[in-house]
Amino acid sequence: MKPSKMKVTLSSLFVMALFSVAHALPEDSSLPIQITADTGGYDQQINEGFYDSNVVMVQGTLEIQADHAKFTMVNDELDKVIANGKLIKIKYLPEKDKPWVFGEGEILEYFPKKNLLVLKKNAKLTQDTDIVEANVIEYDTLKKKVKALSGHNKSDRVFFEIKPKGK
């Protein structure tokens, strides 16, 4: 690791709350999270964590990459995560016998109390050969349902490609 990088380990409560986001492998939620960034910190007065430049968050099979990320806690529980940048990247393994899921967009919003993960601006999710592209992709982490929304322009459309699985 470069000397300019800063490694931050968050409290266990915060870690488990944050990375139940994508429902990666069940054992991932018990693993510590590691966040690296060029700068970062946590303000206990306002209960916010902030990380800037080359942000990489890893817990087990789950990895999120962003230019900037901010976490807000309310009553010692994760309230929201906002990440943004040129391209936010997410990857995780939902189950051992399932293909990896990859996501990207320019903005990521996560609201754990609503079980809602949102990718915005040039959003894309892929799993195996299936693809979803839209201006906004909403993912219900509890029901595991995807909703794609177009932009304000009539030319903005959602795109789904679901290929039949061969034997």
Side-chain angles (χ1 to χ4, degrees), residues 1-2 5 7-10 12 14-38 40 49 51-71 78 80-150 156-167:
M1 181 170 12
K2 295 178 184 175
K5 298 278 183 181
K7 190 172 187 176
V8 180
T9 302
L10 302 176
S12 297
F14 182 56
V15 169
M16 288 183 176
L18 173 61
F19 282 92
S20 63
V21 56
H23 292 280
L25 290 176
E27 56 268 27
D28 285 355
S29 66
S30 65
L31 297 172
I33 178 175
Q34 296 179 334
I35 300 174
T36 57
D38 291 341
Y51 305 91
D52 287 308
S53 298
N54 303 311
V55 180
V56 178
M57 298 170 275
V58 177
Q59 184 183 34
T61 65
L62 179 62
E63 182 177 307
I64 297 175
Q65 298 177 11
D67 292 330
H68 313 282
K70 180 173 136 181
F71 311 97
L78 182 64
K80 68 181 170 184
V81 175
I82 307 293
N84 58 42
K86 292 178 188 169
L87 190 63
I88 310 300
K89 291 187 177 187
I90 304 169
K91 76 173 187 177
Y92 71 96
L93 188 61
E95 297 175 42
K96 287 183 181 180
D97 60 342
K98 300 287 184 187
W100 283 83
V101 173
F102 298 93
E104 60 186 51
E106 294 177 32
I107 300 170
L108 173 136
E109 299 174 346
Y110 174 54
F111 305 93
K113 293 175 186 172
K114 296 178 182 178
N115 300 305
L116 179 63
L117 173 69
V118 181
L119 286 169
K120 294 181 176 181
K121 288 189 174 181
N122 300 312
K124 181 178 181 179
L125 280 179
T126 61
Q127 184 175 27
D128 198 19
T129 59
D130 299 337
I131 301 168
V132 179
E133 294 177 350
N135 189 48
V136 177
I137 298 174
E138 297 179 353
Y139 179 62
D140 183 320
T141 62
L142 186 62
K143 297 176 184 174
K144 297 190 178 185
K145 291 185 178 182
V146 174
K147 180 179 180 181
L149 306 165
S150 64
D156 292 339
R157 308 266 312 208
V158 301
F159 173 77
F160 284 80
E161 182 172 279
I162 303 168
K163 295 181 181 176
K165 305 297 181 231
K167 291 188 178 189

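- Between S150 and N135, the closest heavy-atom pair is C-CB, 3.8 Å.
- Distance NZ/K121 to CG/L87: 13.0 Å, rounded to 0.5 Å.
- Between Y110 and L116, the closest heavy-atom pair is CD1-O, 3.1 Å.
- Under the 4.5 Å side-chain criterion, counting only non-hydrogen atoms from C-beta, Q65 is not in contact with V55.
- Without hydrogens or angle criteria, D128 side chain to P99 main chain gives no donor-acceptor distance under 3.5 Å.
- Listed here is the closest heavy atom pair of E104 and L119: O-CD1, 3.7 Å.
- When the options L117, V118, L125, V158 are evaluated for a side-chain contact (heavy atoms from CB on, under 4.5 Å) with I137, the one that passes is L125.
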Legend entry - Steps toward side-chain contact (heavy atoms from CB on, under 4.5 Å) verdict (V81, L108): CA-CA 8 Å; V81 175; L108 173 136; 4.2 Å; yes
Legend entry - E63 vs I90, side-chain contact (heavy atoms from CB on, under 4.5 Å): CA-CA, chis, key distance, verdict: CA-CA 6 Å; E63 182 177 307; I90 304 169; over 6 Å; no
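- Of the inter-residue distances, the one linking E161 atom CD with D130 atom CG reads 8.0 Å to the nearest 0.5 angstrom.
- Of all heavy-atom pairs spanning K86 and D67, the tightest one is N-OD2, 2.7 Å.
- Atom OH of Y139 and atom NZ of K147 lie 16.0 Å apart (nearest 0.5 Å).
- Taking each heavy atom of G40 and Y51 in turn, the nearest pair found is CA-CD2, 3.8 Å.
- Between F159 and I131, the closest side-chain pair of non-hydrogen atoms falls below 4.5 Å.
- Using a 4.0 Å cut-off between charged nitrogen and carboxylate oxygen, K120 and E109 count as a salt-bridge pair.
- Rounded to the nearest 0.5 angstrom, N122 CG and E106 CD are separated by 4.5 Å.
- Using a 4.5 Å cut-off on side-chain heavy atoms (C-beta onward), Q127 and K98 make contact.
- Formation of a donor-acceptor pair under 3.5 Å by the D140 side chain with backbone atoms of V146 is not found in this model.
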Inset, instruction - Any chance you could lay out the side-chain contact (heavy atoms from CB on, under 4.5 Å) test for T61 and W100, step after step, and finish with the verdict? - result: CA-CA 9 Å; T61 65; W100 283 83; 3.8 Å; yes
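- By the 4.0 Å N-to-carboxylate-O rule, K124 lies close enough to E133 to be salt-bridged with it.
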